[in-house]
Amino acid sequence: MKLLIGLGVVGGLLVAADRVAVGVAEDQAADAAVSSGWLTEKPTVEIGDVPFLTSAVAGELDQVTLSSDGMTVTDGKERVTVHAFKADLSQVKFTDSYRGVTVGRGDGQGVVEYKDLAKFMKGGGLLGLEYAGPGAVKASVPGGGIEGKLHSEGPDTIVVDGLQLTGTAASLKGLAGDLLKPQKFRLTGLPKGLSLAEATPEAGGVRLRFTVAPGTTLGH
């Protein structure tokens, strides 16, 4: 009985030590995400590897999730927030006494509100972008509306094209000029290692999906 009690105590201590260690590692990874410029505020980091110390000794983690509202993107002029940003990372290795993180694989996603995305377009926020169904966005103009397709192009560009006037405004097509021309806005200064994989209109905003380049390092 004493042996069983002793083993239980030792097991409990090991579990406690594992949880303390994972907490320290999560905190260090969060600091690295900020110091590297990935995020503007400290994120929540969750390490799913259990037991953590076993993976840490092996030198690699496969279940690291980072989430925050502290990510922003810019077109070089306007800067907007990517809400509910979440990145799932694997093949993660800590470096520099846990002050740095190297990512082997990963992807992330978050949502930009339409009122913010409209700031990138000609006419600024006056366009009042809204969801118009799968792959489509719309805005109100005098006498009707304007609709088009929104999608990504390359590793850092969002495109709105196929623009058409609706309602009585359609009769003004010849006067619309630049309003119907495709619009492209390049997201400059994306966090290092992140590339835009997809931009998808949804009811609550445009969902941006990213890929993380293998070997991306976070930290000082």
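Hydrogens, waters and symmetry mates are skipped; everything else that's a heavy atom, side chains included, is used. Throughout, numbering of the chain's residues begins at 1 and tracks the sequence.
Under the 4.5 Å side-chain criterion, counting only non-hydrogen atoms from C-beta, Val34 is not in contact with Ser36. Put simply, the side chain of Gln91 reaches to within 4.5 Å of the side chain of Arg105, judged on heavy atoms. Looking at Val111 and Val206, their side chains never come closer than 4.5 Å, going by heavy atoms from C-beta outward.
For residues 61-71, the side chain to side chain donor-acceptor pair (under 3.5 Å) pairs, not counting sequence neighbours, are Thr65-Asp88. Listed by first then second residue, pairs satisfying salt bridge (charged side-chain N to carboxylate O under 4.0 Å, His left out) with a partner in residues 194-213 read Glu198-Arg209, Glu202-Arg207, not counting sequence neighbours. Every pair passing side chain to side chain donor-acceptor pair (under 3.5 Å) that includes a residue from residues 74-86 is listed here, sequence neighbours excluded: Thr72-Arg79.
Aromatic ring orientation, Phe210 versus Phe85: perpendicular (interplanar angle above 60°, classes split at 30° and 60°).
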Identify every side-chain donor-acceptor pair in residues 22-33 under 3.5 Å, counting partners at least two apart or on other chains, and give the distances.
{"from": "Glu26", "atom 1": "OE2", "to": "Ile47", "atom 2": "N", "distance (Å)": "2.9"}
{"from": "Asp27", "atom 1": "OD1", "to": "Lys42", "atom 2": "NZ", "distance (Å)": "2.5"}
{"from": "Asp31", "atom 1": "OD1", "to": "Lys42", "atom 2": "NZ", "distance (Å)": "3.1"}

Give the table of side-chain donor-acceptor pairs shorter than 3.5 Å for residues 150-160, with sequence neighbours excluded, one pair per line with atom names and distance.
{"from": "His151", "atom 1": "NE2", "to": "Asp161", "atom 2": "OD1", "distance (Å)": "3.3"}
{"from": "His151", "atom 1": "NE2", "to": "Asp161", "atom 2": "OD2", "distance (Å)": "3.0"}
{"from": "Glu153", "atom 1": "OE2", "to": "Lys184", "atom 2": "NZ", "distance (Å)": "2.9"}
{"from": "Asp156", "atom 1": "OD2", "to": "Arg186", "atom 2": "NE", "distance (Å)": "2.8"}

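Using modelled atom types, one side-chain atom of Trp38 and one backbone atom of Lys192 make a donor-acceptor pair closer than 3.5 Å.
Taking CG of Leu208 as the reference point, atom CG of Leu187 lies at 7.0 Å (rounded to 0.5 Å). Atom-to-atom distance recorded for Gln183:CD and Phe120:CZ is 12.5 Å, nearest 0.5 angstrom. Atom CD of Gln164 sits about 14.5 Å away from atom NZ of Lys138, to the nearest 0.5 Å. With values rounded to the nearest 0.5 angstrom, Leu66 atom CG is found 8.0 Å from Leu218 atom CG.
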### Message
One pair to check against side chain to side chain contact (heavy atoms under 4.5 Å, CB included): Leu117 and Phe185. What are the steps and the verdict?
### Response
CA-CA 10 Å; Leu117 192 68; Phe185 30 96; 3.7 Å; yes
### Query
So Val45 and Val64, side chain to side chain contact (heavy atoms under 4.5 Å, CB included) or not? Walk me through it.
CA-CA 7 Å; Val45 175; Val64 179; 4.0 Å; yes
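The minimum heavy-atom distance linking Leu190 with Leu194 is given by the pair CD1-O, 3.8 Å. When all heavy atoms of Phe94 and Leu61 are compared, the pair lying nearest together is CE1-CD1, 3.4 Å. The two residues Val103 and Ser90 have their closest heavy-atom pair at CG1-O, 4.1 Å. The shortest non-hydrogen separation linking Thr211 to Ala197 is CG2-CB, 3.9 Å.
Annotation: salt bridge (charged side-chain N to carboxylate O under 4.0 Å, His left out) contacts of Glu113 (sequence neighbours excluded): Lys115.
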